[in-house]
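Quick notes on the structure that follows.
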Amino acid sequence: MSRSLGSLQVGPQGLGCMGMSEFYGAGDEAESVAVIHRALELGVTLLDTADMYGPHVNEELVGRAIADRRSDVVLATKFGIVRDGGGRSIRGDREYVRASVEGSLKRLGTDVIDLYYLHRVPADTPIEETVGAMAELVTEGKVRHLGLSEAGAETLRRAHAVHPITALQSEWSLWSRDIEAEIVPTARELGIGLVPYSPLGRGVLTGRFASSADFGKGDFRAVNPRFSGDNLDANLKMVAELRALAEARGVTAGQLALAWVQHRGSDVVPIPGTKRIKYLEENVAAASLELSDDDLAAIEAAVPASAVAGDRYPDMSSIGR
Ligand SMILES: NC(=O)c1ccc[n+]([C@@H]2O[C@H](COP(=O)([O-])OP(=O)(O)OC[C@H]3O[C@@H](n4cnc5c(N)ncnc54)[C@H](OP(=O)(O)O)[C@@H]3O)[C@@H](O)[C@H]2O)c1
């Protein structure tokens, strides 16, 4: 069973590799590589990384893991977020696009990237310049398909007019539904596939966390409004409702959250992230969970997105641009 992202065929669920290197506590390289191998065995084909994860070391890890099985993988990476010491900026000028792809190809140990995303839309470079430079990479055979991440509807239209956009990767989960009003319909009108990231609400929708004390030192969630103080306490009450629904059905809260995302449409391929085989297997199993309209309504009533407390990033200025 596969799903289509534009003209790209992938397994029904992808694997987010980001947390293997950074953001959610320390990982173990051997186990991360084993997770990638097990994912491929289980029918996951889409692997997701980015040059800014680590930075750079996540692409290197993925490259090592797939070196002897490159043809089994639909390899996706991203560029555009520049990490400079503690700061960040966004670049999409042609020179930067061309330099970025060379770095990613080298670190991934491949001569072609299947899906190359602009990670965030820059404020100071027209999208036509960025996508034009990305299209040159397709012509040169360095990249097969183009994607955007967290782009707004108007940007999607302008980008797609320059070169077909295969996928939009944006946060989409039970508690992050803001793309549904305008961005998802625009993507569908243009035939652009949808890749929800953080479909498990960065792990919180699994019911695994009881308080912010469960996030270790350096964990991204500890500085994110949605995962802090009173906001987290309020959000965890909703997760408790989701857990009760899941228990009644003999599945986990994470599986219900993921199955809900899988039910958004046949053009939707979520990329839950994990560095543990146990979680990977649980997540893959959620892709074949069948939910009725009543089930979906009960899940949405347990975690009403309009009641979620706190923004999903400390700085939302580059989102939906
Ligand atoms: N385009 C963008 O701007 C953007 C932003 C964020 C992420 N992404 C991509 O999207 C991928 C997925 O998003 P994400 O990793 O942020 O969030 P996520 O998939 O919603 O959640 C990941 C977290 O959930 C935990 N987890 C996973 N499966 C679990 C299970 N079955 N039971 C309990 N806990 C479970 C993971 O734990 P462990 O780490 O302990 O396994 C990790 O802490 C990333 O890997 C990355 O490739 C893209």
Side-chain angles (χ1 to χ4, degrees), residues 13-28 31-32 34-36 38-39 44 46-54 58-59 61-62 75-81 88 90 115-121 147-151 167-176 179 194-210 214-216 219-222 224 226-227 239 242-243 246 251-262 269-287 289 312-313 315-316 318-321:
Q13 186 181 104
L15 174 65
C17 298
M18 176 183 87
M20 296 173 182
S21 301
E22 206 187 355
F23 297 110
Y24 305 140
D28 171 80
E31 183 164 13
S32 293
V35 168
I36 291 173
R38 182 76 180 124
V44 169
L46 178 64
L47 299 184
D48 189 79
T49 178
D51 60 4
M52 66 83 81
Y53 299 160
N58 193 243
E59 285 188 329
L61 185 157
V62 171
L75 185 56
T77 191
K78 317 180 202 78
F79 75 95
I81 301 180
R88 287 187 189 188
I90 301 173
L115 177 55
Y116 199 41
Y117 292 100
L118 173 65
H119 209 154
R120 290 287 183 277
V121 177
L148 303 180
S149 176
E150 291 286 6
L168 172 70
Q169 180 178 139
S170 291
E171 184 164 352
W172 196 6
S173 69
L174 263 180
W175 75 351
S176 298
I179 66 169
L194 295 155
V195 177
Y197 77 75
S198 303
L200 294 167
R202 300 184 185 272
V204 167
L205 296 172
T206 67
R208 177 177 154 202
F209 300 104
D214 290 342
F215 304 133
D219 192 308
F220 164 79
R221 292 167 290 207
N224 182 309
R226 192 169 276 193
F227 302 82
V239 175
L242 184 68
R243 275 179 77 164
V251 297
T252 66
Q255 285 179 313
L256 276 195
L258 209 40
W260 179 88
V261 179
Q262 300 271 173
V269 180
I271 47 168
T274 183
K275 46 186 177 286
R276 299 169 213 277
I277 299 240
K278 175 176 173 284
Y279 293 163
L280 168 81
E281 292 178 345
E282 186 182 312
N283 297 344
V284 169
L289 213 61
R312 52 195 181 86
Y313 282 102
D315 174 6
M316 292 286 287
S318 65
I319 299 296
R321 187 184 276 153

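As a basis for the values below, the full set of heavy atoms in this structure was taken, side chains included, without hydrogen atoms, waters or symmetry mates. Counting convention: from 1, in listed order, for ligands and their atoms alike. All residue numbers in this chain count up from 1 along the given sequence. Just so you know, these numbers come straight off a predicted model, no measurement behind them.
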Closest protein heavy atom (residue, atom, distance) for atom 27 (C) of ligand 1: Gly273 O, 3.1 Å
Qualifying residue for side chain to side chain contact (heavy atoms under 4.5 Å, CB included) with His119, from Ile90, Leu148, Ile81: Ile81
Spacing of Arg321 atom CZ and Met316 atom CE [to the nearest 0.5 Å]: 12.0 Å
Protein contact to atom 2 (C) of ligand 1 [nearest heavy atom, distance to 0.1 Å]: Tyr197 CE2, 3.3 Å
For atom 35 (C) of ligand 1, the protein heavy atom that lies nearest, with its residue and separation: Tyr279 CD1, 3.5 Å
Non-hydrogen atoms of Ala50 and Thr77 that approach each other most closely: CA-OG1, 3.3 Å
N/O separation below 3.5 Å, Lys275 to ligand 1: yes
For Cys17, atoms of ligand 1 separated by under 4.0 Å from a heavy atom: 45 (O), 47 (O)
Any Glu171 heavy atom less than 4.0 Å to ligand 1: no
Option nearest atom 31 (N) of ligand 1 (shortest heavy-atom distance, choices Ile81, Asn283, Leu280): Asn283
Aromatic plane relationship, Phe227 with Phe215 - under 30° parallel, 30 to 60° tilted, over 60° perpendicular: perpendicular
Atoms of ligand 1 close to Arg208 [distance to a heavy atom under 4.0 angstrom, numbered from 1]: 25 (C), 26 (N), 33 (C), 34 (N), 35 (C), 36 (C), 37 (O), 38 (P), 40 (O), 43 (O)
Identity and distance of the protein heavy atom lying nearest atom 20 (O) of ligand 1: Leu200 N, 2.7 Å
Any Phe23 heavy atom less than 4.0 Å to ligand 1: no
Heavy-atom side-chain proximity of Phe23 to Asp219 below 4.5 angstrom: no
For Asp48, atoms of ligand 1 separated by under 4.0 Å from a heavy atom: 9 (C), 46 (C), 47 (O)
Atom 13 (O) of ligand 1 [closest protein heavy-atom partner, distance rounded to 0.1 Å]: Ser198 N, 3.0 Å
Polar contact flag for Phe209 and ligand 1 (N/O pairs, less than 3.5 Å): no
Distance from atom 48 (C) of ligand 1 to nearest protein heavy atom, with residue and atom: Gln169 OE1, 3.0 Å
Validation row: Glu282, Thr274 side chains within 4.5 angstrom (heavy atoms): no
Where ligand 1 meets Arg120 - atom numbers and elements under 4.0 angstrom, heavy-atom basis: 2 (C), 3 (O)
Lys78/Glu150 salt bridge by N-O under 4.0 Å criterion: no
Gln169 side chain near Leu115 side chain, heavy-atom distance below 4.5 Å: no
Ligand 1 versus Glu282: contacting region, heavy-atom distance under 4.0 Å: side chain
Flag for Ser198-Arg312: side-chain donor and acceptor within less than 3.5 Å: no
Part of Phe215 with heavy atoms under 4.0 Å of ligand 1, whether side chain, backbone, both or neither: neither
Under 3.5 Å: N/O of Glu150 near N/O of ligand 1: no
Heavy-atom pair with the smallest gap, counting every atom of Gly14 and Pro272: O-CD, 3.5 Å
Step-by-step side chain to side chain contact (heavy atoms under 4.5 Å, CB included) determination, Met18 to Asp48: CA-CA 8 Å; Met18 176 183 87; Asp48 189 79; over 6 Å; no
Nearest neighbour in protein (non-hydrogen) for atom 16 (O) of ligand 1: Tyr24 OH, 2.5 Å
Contact atoms of ligand 1, heavy-atom distance to Gly201 under 4.0 Å: 20 (O)
Stacked cation flag Arg120 on Tyr313, 6.0 angstrom / 45 deg: yes
N or O contact, Arg276 vs ligand 1, cut-off under 3.5 Å: yes
Shortest non-hydrogen contact from Ala259 toward Ala286: CB-O, 3.7 Å
Shortest protein heavy-atom distance from atom 21 (O) of ligand 1, along with the residue and atom involved: Gly203 N, 3.2 Å
Numbered atoms of ligand 1 (with element) below 4.0 Å of Arg221, judged on heavy atoms: 43 (O)
Proximal atoms of ligand 1 relative to His119 (non-hydrogen, under 4.0 Å): 1 (N), 2 (C), 3 (O)
Minimal non-hydrogen separation, Met20 against Lys275, with atom names: CG-CB, 4.0 Å
Numbered atoms of ligand 1 (with element) below 4.0 Å of Pro199, judged on heavy atoms: 19 (O), 20 (O)
Smallest separation among heavy atoms of Leu205 and Pro199, with atom names: CD1-O, 4.0 Å
